[in-house]
Protein chains: 2
Amino acid sequence: MARNRTPEGSADESGRRVPPAARTARGSYAVGDERRQRILDTAVDHFARRGFHASSLARIAKGAGITQGGLLHHFPSKEDLLLHVLERADAADREGFLAREFESAAEMFSMLVRLAEHDSARVEQTRMFNVLAAEAGDPGHPAHAYFARRYAGLVEVMAGVLRRAARAGELRPDMEAVAVAVAQEVAAVLDGLRIQWVLDPRGFDLAGRFRAYAERVLRALSVDG
Amino acid sequence: MARNRTPEGSADESGRRVPPAARTARGSYAVGDERRQRILDTAVDHFARRGFHASSLARIAKGAGITQGGLLHHFPSKEDLLLHVLERADAADREGFLAREFESAAEMFSMLVRLAEHDSARVEQTRMFNVLAAEAGDPGHPAHAYFARRYAGLVEVMAGVLRRAARAGELRPDMEAVAVAVAQEVAAVLDGLRIQWVLDPRGFDLAGRFRAYAERVLRALSVDG
DNA sequence: GTCTATATCACGATAGAC
DNA sequence: GTCTATCGTGATATAGAC
């Protein structure tokens with residue numbers, strides 16, 4: 001590990017790798033992409049169970065139906081594989097949440113509830129995020145920058161929505177002062193509930209619990225609450 | 001790993017190991033205990049940075065000033081070492097929080113704020129808990145039972161305090177119905193803030209943020225809020 | 001694009017000297 | 001109680017055949 005620290009050279013901006021062979025010979029990415037997706041799916045599964053360091057390329061490859069050598073053709077290092085896993089998961093997030101322009105705090109919260117529903121249908125991916133977000137607290141972790149940026153962006157977007165909602169008269173005016181704190185709290189509730197939920201997925205309804213919280217906090221912050 | 005699944009045979013109920021030599025020859029545990037504490041401190045540090053699976057006994061031993069063979073004299077397996085690390089941390093929790101009899105919700109929250117202060121003075125240990133709590137979501141993880149029990153106990157204690165506070169007139173009567181949900185939310189905020197905080201410890205004040213949340217939620221739940 | 005083979009290294013655990 | 005030595009396993013990554 002950590003010998004090849006610049007895997008970006010083999011991927012384009014969107015994170016989709018473009019093998020020269022596929023580009024020149026067929027003009028189609030379908031086959032290679034399918035294999036890559038299988039590898040990424042399997043990697044999510046393994047990173048979820050053991051975290052990054054303790055997962056093995058050979059086992060991931062086996063799960064994807066190829067050998068370790070074959071895997072390393074698609075992702076030249078373990079770290080490169082991790083970054084592509086995160087990038088793909090993040091792309092889904094961005095389409096679903098970060099890219100949206102929310103017109104009200106209520107709309108944002110209901111979107112977050114849908115995100116929780118999405119999570120509770122994917123235990124593996126949720127566990128992976130729990131593990132990697134925690135591991136990434138180490139500044140030397142390959143995903144440290146990714147998660148630091150992710151939370152900063154998430155909090156910024158949410159705080160912005162809260163501030164706009166206050167200016168628009170949806171939320172109390174004193175919202176301005178505590179927007180960042182509330183945004184961090186909302187992210188924290190989602191993360192914290194995920195941790196408890198993964199420990200016992202049948203113990204309670206993740207999305208339901210978060211919805212109850214969201215409704216309570218929205219009522220507390222509303223002008224007509 | 002996982003070859004020796006019953007390491008309990010060498011530890012007494014409190015988790016303190018009692019080497020026969022120390023018991024019979026000197027009647028003093030001081031020297032051996034000191035070494036054991038050094039090992040446990042180092043183990044906390046390593047588990048925090050890499051999680052359980054990716055930490056190595058040889059490196060932990062080196063950090064504690066002995067060899068891997070020497071370490072395995074005190075803790076006969078890696079899993080045994082982890083369980084003793086958790087047990088020691090849990091003992092501290094029980095003394096500091098779970099053992100307390102809270103007379104009001106306000107008192108409980110201020111105790112939790114102190115717990116957050118405690119955490120923010122120990123980045124390493126906090127990161128360890130984040131990582132292990134997330135990893136333990138896997139039912140096959142050695143610490144799965146520990147964390148499942150821990151959260152169940154924590155939520156039970158907090159929900160009990162909230163219900164008593166409602167009966168005593170401190171909190172609204174409808175508290176009874178949502179005590180468990182609120183208790184889970186409180187635990188979630190603490191955990192979630194810890195994750196964000198470890199990613200950027202200088203970005204915000206962990207205990208301060210949690211205090212702000214605690215005050216807001218207490219006000220929202222109070223009869224005179 | 002996928003394979004086999006291999007280099008190099010680290011891991012957890014055991015055995016036994018001192 | 002701590003050491004050295006070693007076993008068996010499995011890790012990442014490379015090289016090169018097909």
Side-chain angles (χ1 to χ4, degrees), chain A residues 1-7 10 17-26 28-39 42-43 46-47 49-83 142, chain B residues 1-7 9-10 17-26 28-39 42-43 46-47 50-83 142:
Chain A
M1 210 274 296
R3 251 175 258 183
N4 181 8
R5 284 245 164 213
T6 53
S10 57
R17 197 154 164 277
V18 184
R23 186 191 281 130
T24 57
R26 312 262 168 173
S28 161
Y29 307 136
V31 174
D33 243 36
E34 211 171 285
R35 176 71 83 201
R36 283 174 64 80
Q37 297 305 321
R38 269 255 299 279
I39 296 172
T42 315
H46 282 243
F47 290 154
R49 297 191 127 87
R50 315 272 282 175
F52 173 70
H53 295 294
S55 293
S56 108
L57 290 178
R59 280 206 279 263
I60 293 171
K62 194 174 179 182
I66 56 173
T67 62
Q68 194 218 143
L71 189 156
L72 283 169
H73 168 75
H74 295 280
F75 304 95
S77 77
K78 192 185 184 184
E79 190 173 323
D80 181 80
L81 174 61
L82 171 67
L83 293 176
Chain B
M1 213 274 294
R3 251 177 261 178
N4 181 10
R5 284 249 165 209
T6 53
S10 56
R17 199 156 161 278
V18 185
R23 186 191 282 131
T24 56
R26 312 261 168 173
S28 161
Y29 305 134
V31 173
D33 243 38
E34 212 170 284
R35 176 73 84 202
R36 283 175 65 82
Q37 296 308 319
R38 270 255 298 279
I39 296 172
T42 314
H46 282 244
F47 290 154
R50 315 271 285 175
F52 172 70
H53 294 294
S55 292
S56 104
L57 290 179
R59 279 206 280 264
I60 293 171
K62 194 173 176 182
I66 55 173
T67 62
Q68 192 216 56
L71 189 155
L72 284 169
H73 168 76
H74 294 279
F75 303 95
S77 78
K78 192 186 184 183
E79 190 175 319
D80 181 79
L81 175 61
L82 171 67
L83 293 176

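Remark: C1' of dA13(D) and CD of E79(A) are 14 Å apart, rounded to the nearest angstrom. Between F52(A) atom CZ and dT12(D) atom C1' the separation is 10 Å, expressed in whole Å. If you take CZ of F75(A) and P of dA13(D), they are 14 Å apart, rounded to a whole angstrom.
Residue S56(A) places at least one side-chain N or O under 4.0 Å from the OP1 or OP2 atom of dA11(D). Phosphate proximity of dA11(D) to R59(A): present, with a side-chain N or O under 4.0 Å from OP1 or OP2.
When atom types are taken as modelled, the side chain of S55(B) and the backbone of H46(B) share a donor-acceptor pair closer than 3.5 angstrom.
Between H53(B) and H53(A), every side-chain heavy-atom pair lies at or beyond the 4.5 Å cut-off. Contact annotation: the side chain of I60(A) approaches that of F47(A) to within less than 4.5 Å [non-hydrogen atoms, C-beta and beyond]. With a 4.5 Å cut-off on side-chain heavy atoms, R35(A) and H73(A) do not count as touching.
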Report, one pair per line, the protein and nucleotides 2-4 of chain C atoms (nitrogen or oxygen only) whose separation is under 3.5 Å.
unit_1 : atom_1 : unit_2 : atom_2 : d
dT2(C) : OP1    : R35(A) : NE     : 2.9
dT2(C) : OP1    : R35(A) : NH2    : 3.2
dT2(C) : OP2    : H74(A) : NE2    : 2.4
dC3(C) : OP2    : T67(A) : N      : 2.7
dC3(C) : OP2    : T67(A) : OG1    : 2.9

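Counting all heavy atoms, side chain and backbone alike, R38(B) lies closest to G65(B) at NH2-CA, 4.1 Å.
Within 4.0 Å of L57(B), counting heavy atoms only, lie sugar-phosphate atoms of the nucleic acid but no base atom.
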